[in-house]
Amino acid sequence: MASQVLVAANRGPLSYTIDAEGGLSARRGGGGLVSGLSAALAEQPGALWICAALSEADREAVRRGVAEPGVRMLDIDPTVYDAAYNGIANSVLWFTHHHLYDVPREPVFDAEFRRRWEAYVAYNESFARALAQEAAEGARVLVQDYHLALVPGQLRELRPDLRIGHFTHTPWASPEFMGMLPDDIRSQLVWGMLGADRLGFHTWAWAANFISGGTIEDARGIAAGSFPAGTPERGVWHRRTAPDGRGYGKRQFTEVTSYPLGVDADELRALAHRPEVDEKLAGLRAEVGDLKTIARVDRTELSKNILRGLLAYRELLTVHPEWRGRVVHLASAYPSRQDLAVYRAYTESVRELAAEINEEFGTADWQPVLVSVQDDFARSLAVYRMADVALVNPVRDGMNLVAKEIPVVSEAGCALVLSTGAGAYEELRADALTVNPYDVSATAEALHAALAMPDGERAERTKRLAAAATALPPAAWFSAQLADLLP
Ligand code: G6P
């Protein structure tokens with residue numbers, strides 16, 4: 001049966017594993033996008049989530065026709081998938097939007113890049129075709145993230161009747177970084193995004209980057225202008241190249257809105273008080289005793305700035321030696337995108353630096369940094385409950401839900417050291433200790449102030465942080481976007 005509400009995202013709500021006998025079992029997938037969307041979609045009967053098969057087991061599930069209700073996995077050719085996901089989405093678009101390039105060496109847009117780009121186009125087309133097949137007349141489609149930036153434009157051509165939204169979970173690059181992309185590639189991206197009726201971002205800052213002239217005005221195939229000044233709406237007027245390639249079609253308007261994703265307090269607190277989490281908490285407490293804790297929980301992700309976080313901790317122990325033997329840094333950095341050499345090298349550097357700090361300051365009965373590399377949500381929740389200080393210092397981040405989750409789950413209050421580069425900064429800045437993510441010394445001082453914060457103040461700030469963090473929980477975030485897509 002055709003669906004009225006559809007979601008498209010690279011990562012699906014579940015992933016499969018094959019056991020020794022060849023049996024398939026499904027397990028819930030990880031990541032903020034997935035947990036947010038799963039909760040929201042559960043409230044939309046008949047909705048369909050289209051995602052890519054990510055592993056051999058997922059592909060096998062597609063081949064065997066194993067289907068979970070509400071999910072369709074696309075078995076995209078593995079070579080095409082690898083070039084699109086690793087080669088373009090995670091190496092070019094992620095790096096562009098997070099400003100991660102080491103510019104004396106990168107980016108290099110050569111023939112190999114062009115080959116990968118073709119794969120990215122084909123991978124987006126697979127999603128557009130599947131959506132076109134599954135959508136009922138006039139259905140609402142919500143496309144997720146930088147992996148699928150071309151889908152709105154491609155789908156608009158196949159199914160002009162649909163209401164199409166696109167949500168970007170990352171920042172949007174500044175005009176300078178967008179300007180690094182080859183002109184025709186930037187044009188295709190803009191063409192793809194403006195196929196949507198509405199574009200969503202976590203913050204107005206990212207939305208403004210999208211709207212700003214550098215991105216849009218010189219895009220080929222699009223004649224665009226921002227909404228006339230002085231009107232409350234925000235967005236982009238544009239005319240798209242007519243299907244025959246001659247001239248432009250009629251004037252269209254793509255609205256651009258900010259939907260700052262928050263957390264569901266009841267759900268998160270219930271998850272955080274399962275017996276499994278209580279056990280992990282008891283284990284952690286036994287391990288750290290009555291020392292103060294500075295916690296961080298991230299994927300080992302370049303944009304999360306884990307290395308400067310460790311450098312700041314080292315500087316804290318150097319400049320404020322009174323903390324030696326009185327604090328532990330719990331750093332959860334679970335593996336991510338390990339197909340990319342630069343991520344493997346980064347993971348290694350994190351381990352090395354943590355080991356150096358332990359070597360330099362550790363004593364027979366005190367280990368300054370405890371690194372955990374397991375992707376273990378129960379353990380993370382236990383860390384959230386006990387942390388005295390949370391360190392969230394990304395160089396640039398679409399939102400950062402960890403900054404929102406910790407105050408909601410914290411038991412005695414947790415002082416939040418928060419980067420100005422996180423999307424969450426817009427909503428949490430008043431009660432966080434905010435830092436320039438590049439300024440290691442300022443981060444060390446913020447850690448010191450956070451550790452020294454009186455208990456009462458910490459608890460009060462945490463309450464206000466939790467209130468701000470839960471303003472737009474996933475179900476409301478999703479239904480606001482759906483409602484706004486109605487004609
Ligand atoms: C970010 C992206 C998501 C992605 C997640 C995990 O939050 O915005 O789209 O799912 O990272 O990354 P992965 O590559 O493992 O899906």
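We count ligands from 1, going down the list as the structure has it; atoms in each ligand are counted the same way.
Considering backbone and side-chain N/O of Tyr146, none are found under 3.5 Å from N/O of ligand 1. For ligand 1, one of its N or O atoms has an N or O atom of Asp145 under 3.5 Å away. An N or O contact shorter than 3.5 Å links Arg11 to ligand 1 by distance. Considering both main-chain and side-chain atoms, Thr170 never comes within under 3.5 Å of ligand 1 through any nitrogen or oxygen pair.
Scanning for side chain to side chain contact (heavy atoms under 4.5 Å, CB included) contacts around Asp266 gives Asp264, with sequence neighbours left out. Partners of Trp477 under the ring-ring contact (aromatic ring centres under 6.0 Å, His included) rule, at least two apart in sequence or in another chain, are Phe167, His169.
When each atom of ligand 1 is checked for a heavy atom of His169 under 4.0 Å away, the hits are 8 (O).
A salt bridge does not link Glu118 to Arg115: none of the charged side-chain nitrogens sits closer than 4.0 Å to a carboxylate oxygen.
Environment of CZ in Arg105: sparse, with no more than 12 heavy atoms of neighbouring residues, nucleotides or ligands closer than 6.0 Å.
Arg59 places no side-chain N or O within donor-acceptor distance of the main-chain N or O of Asp77, the cut-off being under 3.5 Å.
Within the 4.0 Å heavy-atom cutoff, Arg299 counts among the residues contacting ligand 1.
Under 4.0 angstrom from ligand 1, the non-hydrogen atoms of His147 all belong to its side chain.
Tested against His98, the residues Val395, Leu302, Thr170 include a single side-chain contact (heavy atoms from CB on, under 4.5 Å) partner, Thr170.
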